Amino acid sequence: MANRESVGNVETQYFHMNEDLNLETGNILKKPTIAYETYGQLNEEKSNVILVCHALTGDAHAAGWHEGDSKPGWWNIIIGPGKPLDTTRYFIICSNVIGSCKGSTGPSDINPDTNDFYGLDFPIITIGDMVNAQKKLIDYLEIPYLFAVVGGSMGGMQVLQWTIEYPDIVRNAIMIASGAYSTPQQIAFNAVERRSIIEDVNWDEGNYYHSDEKPEQGLSVARMIGHITYLSNESMYEKFGRRLQDKHDFSYDFSNEFQVESYLEHQGFTFTKKFDANSYLYLTKTLDYFDIRKGKVSLEEALKPVKSRMLIMSITSDWLYTHEHMENIVMALRANNVDVMYSKLNSEYGHDAFLIENGQMNYIISNFLSKASVKDVMSHGILTLNDGAEIREAAELMMKHNKTHIPIIDDNDKIVGIVTAWDLSKAIATDAKYIDEIMTKEVFTCHMDDSIFDVTNRMKEHNISGLPVIDSNNKVIGSITTSQISSLLGT
């Protein structure tokens, strides 16, 4: 059931690609399917889109309720009316990564070459491949750019990859409890988790799909190991301490005596009912391969392409993705003059705190997104006219494109004035023929890095509905209107 703070009941949608996906390894994934969900309304300018990237075993169901479910989407505390990712302002998209088993193409799907399950014939994928698949979805939805990309853990890796691979598309990026590469310790944990699956007699080299016996024991142990890394020592002490499970004295045997043992066993068992063992192998391997430095360059050099504003958020008790690691990313970004905000989320819950600590998360994310600038929502494809043009050309352009004003530029593309519908009516009275005879020469403009709030106040003060956006040389590079601002800020 839904409530007033939820996006309500939602359904997963599916994008069936009509082309193959080229992978970083040189292999291809034939016409994959991408599962995704959307929340909120896309505005007319398509300037309010936020892409949410999920963690290792997550899915596209980030918010709202599926019919009959007892729990909402995995980030329902962040996405919804009045929440940081406010669905009354933003259009939220969350897609399931390729290689998973939650709707997007993965090893448990049918291989079109064999008409049998992929199994280990499924190609190795990277974080870059995941992001490229998401870009195909964004193109399919005809979205020109993203107001923000947000994600934690493996989702944060995807966020960072987006800012590097598609720097001109991402306006803002929020990376939470993640890293620029996997550390040796993280790789070691993943290796042991994979080994527990591979050593399960029911794994059968990945060919268990036709059998009633699945590698549940191996997958369960893998999840138990992984789950330990998501918690902190403090949270485990608070939740379990050294308390015994359903007894008062030690049994002095190898049964599950401690509450923490029973808890981990339960987590492992329930996980086997909802996730595929081969997908777990592939996705943990994806984490191992992730390194934006590509093994050759410095962190600073690897982050050179980044253009978006960034929020980097670490968790004080997270020993999987430490605040020292994330602070290195911040320093590298600042060395490249990237506009970056860094926050520590104070929590005892460890790595999983980004799924739990809604109070601090709400404040930090809302504060970051509220500082949007003109470049976050401006239109780049702007109509202009030369100052030597005839008035007839302006009238035709306005009628054809439903515009009420057009910037006027000189031969060097610098703004010299603006012509409005009111100016055209003035031309009739004065019997004018050329634009420079009637155009308004005192033009209010703004720059890409101006605050949306400052620009809004300027337009209100002068009772105008739009401003040309200019660069440092007074060249027109775009425009911003009250409708673009109001749809984003909910005004």
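In this text the structure is predicted, and so the values were computed from the model without any measurement. Hydrogens, waters and symmetry mates are skipped; everything else that's a heavy atom, side chains included, is used.
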Backbone of [Y] reached by a side-chain donor or acceptor of [X] within 3.5 Å:
X	Y	answer
Tyr230	Gly350	no
Asp86	Gly82	yes
Asn473	Lys475	no
Glu301	Ser298	no
Asp450	Cys446	no
Asn48	Gln41	yes
Thr440	Glu442	no
Arg171	Asp168	yes
Thr284	Tyr280	yes
Ser108	Cys101	no

Would you call Glu396 and Lys400 a salt bridge, using N to O less than 4.0 angstrom?
->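 So Glu396 does not pair with Lys400 through a salt bridge.
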Heavy-atom check, side chain of [X] versus side chain of [Y], under 4.5 Å:
X	Y	result
Thr183	His325	yes
Ile312	Leu333	yes
Gln158	Val97	yes
Ile50	Ile93	no
Thr286	Met130	yes
Leu51	Leu146	yes
Trp75	Leu355	yes
Leu311	Ser343	yes

Pair Ile124-Asn27, side-chain contact (heavy atoms from CB on, under 4.5 Å): steps then yes or no = CA-CA 8 Å; Ile124 291 291; Asn27 292 322; over 6 Å; no
Residue pair [X] / [Y], side-chain donor-acceptor N/O under 3.5 Å:
X	Y	answer
Thr126	Glu24	yes
Asp318	Thr322	no
Asn386	Asp411	yes
Tyr36	Asp59	no
His66	Asn9	no
Trp319	Gln185	no
Glu37	Gln13	no
Glu234	Ser317	no

Around atom [atom1] of [X], are there more than 12 heavy atoms from other residues, nucleotides or ligands closer than 6.0 Å?
X	atom1	value
Phe275	CZ	yes
Tyr363	OH	no
Glu11	CD	no

Which pair of non-hydrogen atoms, one from [X] and one from [Y], has the smallest distance, and what is that distance?
X	Y	answer
His351	Ala177	CE1-O, 3.1 Å
Val159	Ile174	CG2-O, 3.6 Å
Leu299	Ala180	CD1-CB, 3.5 Å
Met378	Ile477	CE-O, 3.6 Å
Ile28	Pro123	O-CG, 4.1 Å
Pro107	Asp276	CG-OD2, 4.0 Å

So how far is it from [X] [atom1] to [Y] [atom2], rounded to the nearest 0.5 Å?
X	Y	atom1	atom2	answer
Asp387	Lys414	CG	NZ	13.0 Å
Asp109	Ser104	CG	OG	9.0 Å
His405	Ile418	NE2	CD1	5.0 Å
Lys135	Ile143	NZ	CD1	11.0 Å
Asn172	Arg309	CG	CZ	4.5 Å
Asn337	Lys307	CG	NZ	14.5 Å

Walk me through it: do Asp20 and Leu29 pass the test side-chain contact (heavy atoms from CB on, under 4.5 Å)?
-> CA-CA 6 Å; Asp20 298 337; Leu29 187 58; over 6 Å; no
Chi angles and distances behind the side-chain contact (heavy atoms from CB on, under 4.5 Å) call for Ile292, Leu303 = CA-CA 8 Å; Ile292 63 168; Leu303 291 169; 3.6 Å; yes
What is the ring orientation for Tyr166 with Trp162, classed by angle as parallel under 30°, tilted 30 to 60°, or perpendicular over 60°?
->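 Ring orientation, 0 to 90° scale: tilted.
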Cation-pi check, [X] onto [Y] ring (under 6.0 Å, within 45° of axis):
X	Y	result
Lys136	Phe15	no
Lys344	Tyr342	no
Arg458	Phe444	no

Examine Tyr282 together with Phe122 and report whether their ring centres are nearer than 6.0 Å.
->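 Distance test on ring centres: under 6.0 Å, yes.
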Between Tyr90 and Phe147, is the ring centre distance below 6.0 Å?
->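 Tyr90 vs Phe147: aromatic centres under 6.0 Å.
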Let me see the working for Glu357 and Ser347 under side chain to side chain donor-acceptor pair (under 3.5 Å), right down to the final yes or no.
-> CA-CA 8 Å; Glu357 293 278 10; Ser347 175; 2.8 Å; yes
Given Lys46 and Glu142, is the side-chain contact (heavy atoms from CB on, under 4.5 Å) satisfied, shown in steps?
-> CA-CA 9 Å; Lys46 298 183 178 180; Glu142 298 182 338; 3.5 Å; yes
Of Lys71, His61, Lys83, which meets side-chain contact (heavy atoms from CB on, under 4.5 Å) against Asn76?
->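 Output: one option passes, namely Lys83.
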